[in-house]
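Structure first, then comments.
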Amino acid sequence: MRATSEAGGGTMDVILEHDGPMPPAPKPPGDLVRLARVHKYYGGGLSGVHALDGVELQIGEAEMVAICGPSGSGKTTLLNLIGMLDHATEGSIVIAKLLIARLPEQARADLRNEMMGFVFQAFTLIPVLTARENVLLPLMLRESLTRKALRAANARAGDLLNQLGLASHADTYPPRLDPSQSQRVAIARALMTRPRLVLADEPTSRLDSASIRLVMDLFVQQQNEHGTTFIIATRDQRQLGRSTRTLQLQEGRLHVALGDPERQPFRVRL
Ligand SMILES: Nc1ncnc2c1ncn2[C@@H]1O[C@H](COP(=O)(O)OP(=O)(O)OP(=O)(O)O)[C@@H](O)[C@H]1O
C-alpha cells in the first residue's frame, strides 16, 4: 500500500508493510460510562476514608462488567457514583456523553430514570404492593400508561417474574417473600423499563445456584436482545463466567483481573 506523507515540508511516498486487505479497525473504546481519576473520600481529616483511589474506567454498550473485591473495597461506592446517587470528591464521570457533575439535580434524576435500573443490596421493595406491582412501579412512576400500554406492561412484569421462577408469587406481598424471592423481585423491577444500564450490587447474594442461573440467563438475554449494559458488584465466583470483563477493586483501586479473583490474581493497574 502506498501513502503520501507531507512531513518536513516536502512530499514523499511511504510504502506501508501490508499490501493486502487492511485489518479491521480497532473497536472504539466503550463510551457509555467513563470515569477519569475518580476519588471518593468519606469524612475528612485523618479519620476520613479514601473509598475510591484514582479510578479509571470505560464501559461500552452491551458489556457485562463484574466488579469483584472484598467487603469495604469500594464496590458500592463505585456503583453509587456511576448511578449518580452520590458525588465524586475528585475526577470526572461521563455517562452517555454527559459530564454529570455539570448537570442540575433534576437532569441527573431524569437521566437516572430514563436509562438506569438498580438492584440494591437491601432490596427496597414496597411492602404494601404485590411482587408484580413492585416490578411495575418504575414504569408507572415514569409515565402514565394507556390501557393498552398497561396490559403490555403487566405482561412484561409477568414474563420477568416467570423467568425468575416467581410465577406463583406475582400476587404475594414482600413480607411473605423469602430473601431469595425478594431479591429476584428486585431484579425483575430493575429490568422492567428495559434500561440501557443496570447497576447491580451483589444481585445474587441470597440466591442458590439454580436461581443464579435464572438471573444470569435473563441478564444475558437482555444484553443480547436490548443491548443492556450490566455493571455487577459481586463476591460470587459463579457470576463471573458470564461477564465480558472482570475487574478487581482493592482498597479503592481498580485493576483488571486476569485470573481467579479469589486466588489473588495477577493484576494490571488500569
Ligand atoms: N457513607 C459512608 N460514610 C463513611 N464511610 C463509608 C460510607 N460508605 C462507605 N464507607 C466506607 O468506604 C469504604 C468502601 O465501602 P463500600 O461500601 O463502597 O465497599 P464495598 O466493597 O461495597 O463493601 P461491601 O461488599 O461490604 O458492600 C469502606 O471503608 C466503608 O466503610
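What you are looking at is a predicted structure, and each value in this text was computed from that prediction instead of being measured. Start at 1 and go down the list; that is how both ligands and their atoms are numbered.
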(request) Write out the residue and atom name of the closest protein heavy atom to atom 26 (O) of ligand 1, then the distance separating them to 0.1 Å. (result)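 Nearest protein contact, heavy atoms only, for atom 26 (O) of ligand 1 is S71 OG, 2.6 Å.
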(message) Please list the nearest protein heavy atom to atom 9 (C) of ligand 1 with its residue and the distance rounded to 0.1 Å.
(response)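 Answer, as residue, atom name and distance: Y42 CE1, 3.4 Å.
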Can you tell which of [options] gets a heavy atom nearest to [atom]?
atom                    : options              : answer
atom 13 (C) of ligand 1 : G252, S205, G72, P70 : G72
atom 21 (O) of ligand 1 : R235, K75, K40, H50  : K75
atom 16 (P) of ligand 1 : L52, T77, D201       : T77
atom 22 (O) of ligand 1 : T76, T234, I67, L249 : T76

(request) For atom 31 (O) of ligand 1, decide whether some protein heavy-atom distance is shorter than 4.0 Å. (result)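 False for atom 31 (O) of ligand 1.
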(request) Examine ligand 1 and decide if any of its atoms is less than 4.0 Å from a heavy atom belonging to Q121. (result)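 For ligand 1, residue contact (heavy atoms, under 4.0 Å) with Q121 is present.
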(message) Between ligand 1 and G74, is the shortest N or O to N or O distance under 3.5 Å?
(response)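 Yes: some nitrogen or oxygen of G74 is under 3.5 Å from one in ligand 1.
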(message) Does ligand 1 come near enough to A51 that some N or O of the ligand is less than 3.5 Å from an N or O of the residue?
(response)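 No, no N or O pair falls under 3.5 Å.
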(request) For T124, enumerate each residue passing the side-chain hydrogen bond (donor to acceptor under 3.5 Å, both in side chains) test, keeping only those at least two apart in sequence or located in another chain. (result)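 Partners of T124 by the side-chain hydrogen bond (donor to acceptor under 3.5 Å, both in side chains) criterion, ordered by chain and then number, come out as R189.
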(request) Given side chain to side chain contact (heavy atoms under 4.5 Å, CB included), test L141 with N113 step by step and report yes or no. (result) CA-CA 9 Å; L141 291 176; N113 290 340; over 6 Å; no
Between [X] and [Y] (side chain of the first, backbone of the second, donor and acceptor by atom type, cut-off under 3.5 Å), is there such a pair?
X    : Y    : value
D201 : A233 : no
S243 : V65  : no
T229 : G60  : yes

(message) According to salt bridge (charged side-chain N to carboxylate O under 4.0 Å, His left out), does anything in residues 95-104 pair up with another residue at least two apart or in another chain? List the pairs.
(response)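 Listed once each, the pairs are D31-K97.
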(request) Heavy-atom distances under 4.0 Å are what count here, so tell me which part of V49 touches ligand 1: side chain, backbone, both or neither. (result)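 The answer is the side chain.
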(request) Taking the side chain as every heavy atom from C-beta outward, state whether M216 and M64 have any atom pair closer than 4.5 Å. (result)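 M216 vs M64: side chains touch.
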(message) Exactly one of L57, L52, D53 should register a side-chain contact (heavy atoms from CB on, under 4.5 Å) with L254. Which one does?
(response)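 Single side-chain contact (heavy atoms from CB on, under 4.5 Å) partner of L254 among L57, L52, D53: L57.
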